[in-house]
Novice: 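Have a look at this one before I ask anything.
Chain A is the first sequence line, chain B the second, and so forth, proteins listed ahead of strands; every chain is numbered from 1. Because the structure is a prediction, the values reported are computed rather than measured.
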Protein chains: 2
Amino acid sequence: MKSELYQMQAEVCKAIAHPTRIEILQLLRDGERCVCEIFPAMKIEQPNVSRHLSVLKKAGILSSRKDGLKVIYMVNDQRIYEVLDLVTDMLKGQLDSRQSALKSVVG
Amino acid sequence: MKSELYQMQAEVCKAIAHPTRIEILQLLRDGERCVCEIFPAMKIEQPNVSRHLSVLKKAGILSSRKDGLKVIYMVNDQRIYEVLDLVTDMLKGQLDSRQSALKSVVG
DNA sequence: ATAATATATGCATAAATAGGTATATAGTGA
DNA sequence: TCACTATATACCTATTTATGCATATATTAT
């Protein structure tokens, strides 16, 4: 049934639907990082980062492995960045059409 | 500041992070539709559809125009379908890697 | 064994989201 | 004006989500 797919798509989207989690993904853009590198790079508490990381992991977007005391997180599928970049492009497009709408009125 | 962008990206993602709203977008895939066509096609109450439509509209994903009594909704930017299709592909990829992981164990 | 470090989890709470039912609003036609 | 249709909104409630603070767990080093 299609509704199963919609449910799964919604879960992936929900996982990335938070500014903190998007920022985490950007930090992981050029390679894996441990929690101890991630949370000082953002002004946010460590337990909070851990929970956001686990949301992304549960959605299948991240994986983790242990390296001594550290836990290192990495992106499973680079296409998540295509998704985020597409959304950015759409937002730019919204600005552009507002701008042309404005121009056609104000001149 | 980047955090403004993350916030805006998150809002778009949140808007599509619901199975009902994804289904609505699929119904609009091949053209605009009025509410009276949308809600009978899904087993859901009319006020509920109206609310989901307004979420998508507020996020800039849909627009609407009136045609007599009817309100007709349409997609602003077809790239929203590229986003949804990418997510579907990622989900397929998750299945594939689970399958090969399983094969490497079970044979 | 003990201490120290890195990470995750429990608990409490505030805020956001979703859906049902009823009702309001807007447009149309008699 | 009045009734009718299509859509949106209000209100209530249940559920989910987010976060701070405290604490638990796991690993390493002394």
Novice: Check the distance between C:dG19's P and B:K43's NZ and give it to me in whole angstrom.
Specialist: 14 Å
Novice: Rounded to whole angstroms, how far apart are CG on B:L56 and P on D:dA8?
Specialist: 12 Å
Novice: Check the phosphate of D:dT17 against A:H52, side-chain N and O only, distance under 4.0 Å to OP1 or OP2. Yes or no?
Specialist: no
Novice: With the threshold set at 4.0 Å, does a side-chain nitrogen-carboxylate oxygen contact exist between A:D77 and B:K92?
Specialist: no
Novice: Nearest 0.5 Å, what's the CD-CD1 distance between A:Q9 and B:I16?
Specialist: 8.5 Å
Novice: Which whole-number value in Å describes the distance from B:I72 CD1 to D:dT5 C1'?
Specialist: 15 Å
Novice: Just the rounded figure in Å: distance from C1' of D:dA10 to CD of B:E45.
Specialist: 17 Å
Novice: What's B:K57 touching, base or sugar-phosphate or nothing? Going by heavy atoms closer than 4.0 Å.
Specialist: nothing
Novice: Can you figure out which of D:dA18, D:dA26, C:dT7 approaches the side chain of A:L69 most closely?
Specialist: D:dA26
Novice: Nearest to the side chain of B:P47, heavy atoms from C-beta on, is which of C:dA8, C:dA6, D:dA8?
Specialist: D:dA8
Novice: Using atom CG of A:L53 as one end and atom P of C:dA6 as the other, report the distance to the nearest whole Å.
Specialist: 16 Å
Novice: Tell me whether the side-chain N/O atoms of B:R51 come closer than 4.0 Å to OP1 or OP2 in C:dT17.
Specialist: no
Novice: Does B:Q46 get its side chain close enough to the base of D:dA6, under 3.5 Å, for a donor-acceptor pair?
Specialist: no
Novice: Below 4.0 angstrom, N of the basic side chain to O of the carboxylate: do A:K58 and A:E11 qualify?
Specialist: no
Novice: So, OP1 or OP2 of C:dA8: does either fall under 4.0 Å of a side-chain N or O from A:Y73?
Specialist: yes
Novice: Kindly point out which of D:dT5, C:dG20, D:dT28 is positioned nearest to the side chain of B:N48?
Specialist: C:dG20
Novice: Rounded to the nearest 0.5 Å, what separation is found between the CD atom of B:E23 and the CD1 atom of B:I44?
Specialist: 8.0 Å
Novice: Can you check whether A:H18 has a side-chain N or O nearer than 4.0 Å to OP1 or OP2 of D:dT16?
Specialist: no
Novice: Rounding to a whole Å, what distance do you find between A:K58:NZ and D:dT16:P?
Specialist: 12 Å
Novice: Rounded to whole Å, how long is the line connecting atom NZ of A:K70 with atom P of C:dA8?
Specialist: 14 Å
Novice: Find which nucleotide of DNA chain D each of A:I44 and B:C34 is nearest to by heavy atoms, and output the residue with the more 5' nucleotide.
Specialist: B:C34
Novice: In whole Å, I'd like the distance from the CZ atom of A:R65 to the P atom of D:dT27.
Specialist: 15 Å
Novice: So, does A:K66 get its side chain near the phosphate of C:dT7, meaning an N or O under 4.0 Å from OP1 or OP2?
Specialist: no
Novice: Can we say A:D85 and A:R29 salt-bridge, meaning some charged N sits less than 4.0 Å from an Asp/Glu carboxylate O?
Specialist: yes
